[in-house]
Amino acid sequence: LDFWTPLSLWRSSDYGSTYTKLNLMPGTTIIVTNFYICPTNKKKVILVSSSINERDQMLFISTDEGSSFQRQPVSFTVDTLLFHPSEEDKLLAYSKEAKLYISTDLGHKWTQLQERVTKDRVFWAVTGVDVDPDLVHMEIQDISGGYLYVTCLIQNCSDKMVTAQFLGKIDHNSLSVQDEHIFVKVTTGNRTKYYVSYRRNEFVQMRFPKYALPKVRSSEIAAQNKLFISKQVYYSIVLENVRSTKQPEENVLIDILEVRGIKGVFLANQKVDGKVMTLITYNKGRDWEPLAPPTSDMNGKPVSCKQPDCHLHLHLRWADNPYVSGTVHTKDSAPGLIMGAGNLGSQLVEYKEEMYITSDCGKTWRQVFEEEHHILYLDHGGVIVAIKDTSIPLKILKFSIDEGQTWSIHNFTSTSVFVDGLLSEPGDETLVMTVFGHISYRSDWELVKVDFRKSFPRQCTEADYDSWKLTDLQGEKCIMGQERMYRRRKESSFCIKGKSYTSALTAKPCQCTEKDFACDYGFERAPSLRVEGDRCYPDFWHDPDAPPENCHLGHSYKSSTGYRKVITNVCEGGLNKEQSAKQHSCPLLAPKGLQLGIKGQMLAVGPGDDITFIVHQEQGDTTSTRYQVDLMDGVRTIYENLTITDEPIQHRYEKPGVYRVNVKAENSAGHDQATLYIQVTAPLQDVHLEVVPIAGRNQEVNLTAIVLPTEANLTVFYWWIGDNLQPKLTLENSLIARFSEEGEVPVTVQASNGRSMVQDSKTVIVYDQFQVIPLSFSRNLDRFNPNIPEWRQDVGQVVTKIIAKLTGVPQDSLVTMVKPGLPTTADLYVLPQESTPVKRSVFVDKRVPTIKQVLSENNVSFIVRGGLRVLVTLADSDRGDSLTHPWLRFRKLPGRNVYAQMHNEKEQEMTSPVNHSEDTQNIIQGEEFIDDDLDSQTLGNAGSRSKFSYPRPGIGNFGPGGPLSCRV
């Protein structure tokens, strides 16, 4: 027994009588988080630990039952370890980063196998089922976010070497490998399908009775308050209205318990009309009966609980603490012995947890305690230990050596302790146990050894046993097709059963009777028709004579009689309710449920990548079916018997594009087809967000994403604007946006094409009003313009700096944006001064005339390369002379109104981050106009249009207009 506290590790080799402190790292405090014992060699133990600050992760490896340890640092944080089932030095490690590692030398060296692996969904190969013992089954997440069931060999588990064993994506956390069976779940919309592979054959859909949606899976399946039983594929209902409880993380607990030690016996809680009752079955759910109440209470007094109105009911809960028993305790080595907490009455009561015991597998019960106790079986049930389940400290335990007939009290400590758990040596033959707990919540753990060996002076002999025969509640001896007899120790014998004890004595097959047959798939027994016996009736949706889905032309099948032998039932001869089945020849069935997928499930590939297409057909004939495959790049082919031979279709697309791959399956009975869209595209390299740095409030602003490479196809754009957590999605690389509030607004765009995703962000400063002066450059700059964002940004910063220096205007009040394309042009944004009053009229900004004068005098220039000087001037449309301005002509009207009218509608619009208005007539009303002040765009007006529009009557300032030249 190994035991650790936060500061020390202790080891005992004498059943807890003495402990030796192990100092794993002298002078260093470490935290041991878990330990693992090799299942094939108990001498090999691995401790998972870390330093106190969790900076250093390490394993401590022992090959001598923990007598000594070797420290092994690891580069990842171990979450769980999984030993190989047969090779003691091989183990898998799952990290907290969702990566899977392999070691073949007991944890000394590690190699990463895969990443994005689902926790607890990793399985070693099953001996006798999987061909290669080095195979690993796992559930992984692909780059698109979906989940796949894949396998690989530990020698090479790269992305290219994993094999997708199931066609398509599966539900998260749904892979389960259970010996010969593998289960997966697939949910599409609100419809869930379950698939099973038996002995690693092709997956087939599990067939449940219609209108029943399963929630968990195994060979015995509970689903939507129904219990099913199956042999591989077809499932039949054996119990409805089973109680279930939803737990955190969407886990569902079903009130079903398999009684260990005797095959075919289950307990279940059924909830009908709000009442919960406990039922027992001895034949895997064919028949269910309530538990018979005891005839007397724990004090020997008769109980008033009489059938059929009163029964025994048990809580079927699992314990959260792994070191204590659940509410019902059974053991493989103690067949027939069941001990559980519950109550007598017409239904199960949550707060009543009296303890009851049976030693004949549920036929007769006895009450032993009035409160719930934790139970531990020692020596194959020869000693039963019970400690009260309570939150107060204890110093006594109870034990029985006659299967609960009588109980003794033992003071296991002189000081009361809060009991945290019960431990025994692995195996069932031990008579030594340890109680561990704490005296107070701040104290260290206390360990108390309890040794029952001295109570038994000798080993048992054959004369110390008698026998008992298993029967159900009706006294039927043939259960699951055989009569079974077991050994039990005589009440008068005080001896140790020991390691060599076996409980089963004899098993004799019985002749088959009606009790050995259950209803087949699509059939149910009607309780209201009991007068007709155990007859099974077909459900309305089921056709018993319909051929099975895997029926091939030239073969035959038997229609169901409505009955099948209960699974694992071993009866021989006698009645055969399956014998009258009719023999039919398989008709030619039309293909149905055709599916097309690709290995690895990646629907977005690069040019030149190898693709393996996989065709799967759920129903219909395959041997006489032709499969026409069109790969949409000029390649067409026809396959025969495609899904039987599992012949892969391999292809390679050289050119980018979207290819609609089509497969048509056809025979003389009908046809079906499947389509798959393949995106062939190179990964995205970069995206640049083009947007004006300054925008007017409530103006529509164009956001443009420039993607590299430019020939990227089927790119989806995600736009985040401001603090909105819900993006806007577009297939176009541009989006029109409005900003309703002044201030800084972050804008982010992500571009994705299925293989990659790139992102760029910008900040737009929103003002109620500002002015824009269009600029032009001498043509020699165009030769050096690479038309890339970084170059335009650098040129704009240089121009802003020069103008600010020449005019004395603060640099943070100016922004120059160089526009994409040729010829090279720019806009100079003049931001409002903090002291500028906000008026509903055009304000006079003295900075604009100064800036325009500097530009008009050709004073703004810079050296671009090699001494070549570039001149920055006003654009032709902003020279300040109405004769050279093609846009507007103003005339004075009576009063203080000024009208502006377009005089050349066909003139080309000036390129601007905010588009010009298409209005042909605009009206401006202002207070006082100064000619030079109107030679720039005064922008910013609530309620403006997406393109440049000019103010209408009644608006007291220049709205977002084009470059104006007016004369009053």
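Note that the structure is a prediction, hence the values are computed from the model and not measured.
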- Do Lys577 and Glu514 have side-chain heavy atoms sitting under 4.5 Å apart? yes
- Tell me, please, whether Tyr465 has Arg487 positioned over its six-membered ring: NZ or CZ under 6.0 Å from the ring centre and within 45 degrees of its axis? yes
- Message: Set out, in order, the CA-CA distance, both residues' side-chain angles and the distance that settles ring pair (Phe, Tyr, Trp, His ring centres under 6.0 Å) for Tyr36 and Phe83, then state yes or no.
- Response: CA-CA 8 Å; Tyr36 298 87; Phe83 273 96; 7.3 Å; no
- Do the side chain of Thr471 and the main chain of Gly475 share a donor and acceptor less than 3.5 angstrom apart? no
- Message: Any non-hydrogen side-chain atom of Asp171 less than 4.5 Å from a side-chain atom of Val184?
- Response: no
- Query: Closest heavy-atom contact between Val276 and Asn269?
  - Reply: CG1-CB, 3.7 Å
- So, does Ser236 use its side chain to make a donor-acceptor pair with the main chain of Tyr521 at under 3.5 Å? yes
- Correct closest heavy-atom pair for Arg525 and Cys519 would be CG-SG, 3.3 Å
- Closest heavy-atom contact between Ala334 and Tyr377? CB-CD1, 4.2 Å
- Task: Start with the C-alpha gap between Met433 and Leu423, add the side-chain angles, then the distance that decides, and say whether side-chain contact (heavy atoms from CB on, under 4.5 Å) holds.
- Result: CA-CA 6 Å; Met433 62 170 290; Leu423 297 173; over 6 Å; no
- Below 4.0 angstrom, N of the basic side chain to O of the carboxylate: do Asp464 and Arg489 qualify? no
- Query: Where do Ser176 and Arg121 land on the side chain to side chain donor-acceptor pair (under 3.5 Å) test, with the steps shown first?
  - Reply: CA-CA 7 Å; Ser176 179; Arg121 290 295 174 258; over 6 Å; no
- Query: For the residue pair Phe456 and Phe494, is the inter-centroid distance of their aromatic rings smaller than 6.0 Å?
  - Reply: no
- Is the gap between the ring centers of Tyr356 and Trp365 under 6.0 Å? no
- Note on the structure: Interatomic distance, OG1@Thr281 vs CG@Leu267, rounded to 0.5 Å, equals 9.5 Å
- Message: Are the side chains of Met277 and Leu348 in contact, using a 4.5 Å heavy-atom criterion?
- Response: no
- Heavy-atom check, side chain of Leu92 versus side chain of Trp124, under 4.5 Å: yes
- Query: Stepwise, does the side-chain contact (heavy atoms from CB on, under 4.5 Å) test hold for Lys263 with Met480?
  - Reply: CA-CA 8 Å; Lys263 296 296 184 182; Met480 294 297 289; over 6 Å; no
- Message: Can you tell me how the ring of Tyr557 sits relative to the ring of His584, calling it parallel under 30°, perpendicular over 60° and tilted otherwise?
- Response: parallel
- Item | Criterion side-chain contact (heavy atoms from CB on, under 4.5 Å) on Cys361 and Val265, from CA distance to verdict | CA-CA 8 Å; Cys361 201; Val265 182; 4.0 Å; yes
- Item | Whether His311 and His313 hold their rings parallel, tilted or perpendicular, with breakpoints at 30° and 60° | perpendicular
- Query: Between Gln405 and Arg366, is any pair of side-chain heavy atoms under 4.5 Å apart?
  - Reply: yes
- Item | Pair His84-Asp134, side-chain donor/acceptor within less than 3.5 Å | no
- Under 3.5 Å, is there a donor-acceptor pair between the Asp402 and Thr406 side chains? yes
- Message: I'd like to know if the side chain of Glu289 and the backbone of Leu279 have a donor-acceptor N/O pair within less than 3.5 Å.
- Response: no
- Task: Report yes or no: does Thr327 contribute a side-chain atom to a donor-acceptor pair with the main-chain N or O of His315 at less than 3.5 Å?
- Result: yes
- Task: Could you grab the distance from atom NZ of Lys363 to atom CD of Gln474, nearest 0.5 Å is fine?
- Result: 9.5 Å
- Plane angle bin for Tyr235 and Phe208 - parallel if under 30°, tilted between 30 and 60°, otherwise perpendicular: parallel
- For residues Ile357 and Ile384, determine if any side-chain heavy atom of one lies less than 4.5 Å from a side-chain heavy atom of the other. yes
- Message: Under a 4.0 Å threshold between the charged nitrogen and the carboxylate oxygen, would Arg535 count as salt-bridged to Glu524?
- Response: no
- Gly261 backbone acceptor or donor facing Asp332 side chain under 3.5 Å: yes
- Task: State, to 0.1 Å, how close His329 and Leu376 come at their nearest heavy-atom pair, and which atoms those are.
- Result: NE2-CA, 4.5 Å
- Side-chain (Thr330) to main-chain (Arg260) donor-acceptor, under 3.5 angstrom: yes
- Item | Donor on one side chain, acceptor on other, Ser556 and Gln583, under 3.5 Å | yes
- Item | From Tyr282 atom OH to Lys515 atom NZ, the distance as rounded to the nearest 0.5 Å | 13.5 Å
- Query: Any sub-3.5 Å donor-acceptor pair from Gln307's side-chain atoms to Pro293's backbone N or O?
  - Reply: no
- Message: I'd like to know if Arg199 pairs up with Glu180 as an ion pair, taking the criterion as any Lys NZ or Arg NE/NH1/NH2 lying under 4.0 Å from an Asp or Glu carboxylate oxygen.
- Response: yes
- Query: Is the backbone of Gly562 close enough, under 3.5 Å, to the side chain of Ser560 for a donor and an acceptor to pair up by distance?
  - Reply: yes
- Relative to the ring of Tyr149, is the ring of His137 parallel (under 30°), tilted (30 to 60°) or perpendicular (over 60°)? parallel
- Could you state the interatomic distance from CD (Gln347) to CD (Gln270), rounded to the nearest 0.5 Å? 13.5 Å
- Message: Return the OH to CD1 distance between Tyr195 and Ile182, rounded to the nearest 0.5 Å.
- Response: 15.5 Å
- Task: Decide yes or no for Cys571 and Asp516: does some side-chain heavy atom of the first lie under 4.5 Å from some side-chain heavy atom of the second?
- Result: yes
- Query: Is Asp543 reaching over with its side chain to a backbone N or O of Pro547, donor-acceptor style, under 3.5 angstrom?
  - Reply: no
- Task: Give a yes or no on whether the backbone of Ser359 and the side-chain of Arg488 come within a donor-acceptor separation of less than 3.5 Å.
- Result: yes
- Task: List the atom of Leu431, the atom of Val383, and the distance in Å for their closest heavy-atom pair.
- Result: CD2-CG2, 3.6 Å
- Task: Go through Thr430 and Asp379 one step at a time and tell me if the side-chain contact (heavy atoms from CB on, under 4.5 Å) criterion holds.
- Result: CA-CA 5 Å; Thr430 180; Asp379 190 30; over 6 Å; no
- Looking at CD1 of Ile496 and CZ of Arg458, how far apart are the two atoms once the value is rounded to the nearest 0.5 Å? 10.0 Å
- Message: Looking only at the side chains, is there a donor atom on one of His616 and Glu202 sitting less than 3.5 Å from an acceptor on the other?
- Response: yes
- Does the side chain of Ile280 come within less than 4.5 Å of Phe266's, by heavy atoms? no
- Query: Between the side chains of Thr151 and Gln165, is a donor N or O closer than 3.5 angstrom to an acceptor N or O?
  - Reply: yes
- Message: Tell me the closest heavy-atom pair linking Asp132 and Ala125, and the distance in Å.
- Response: O-CB, 3.3 Å
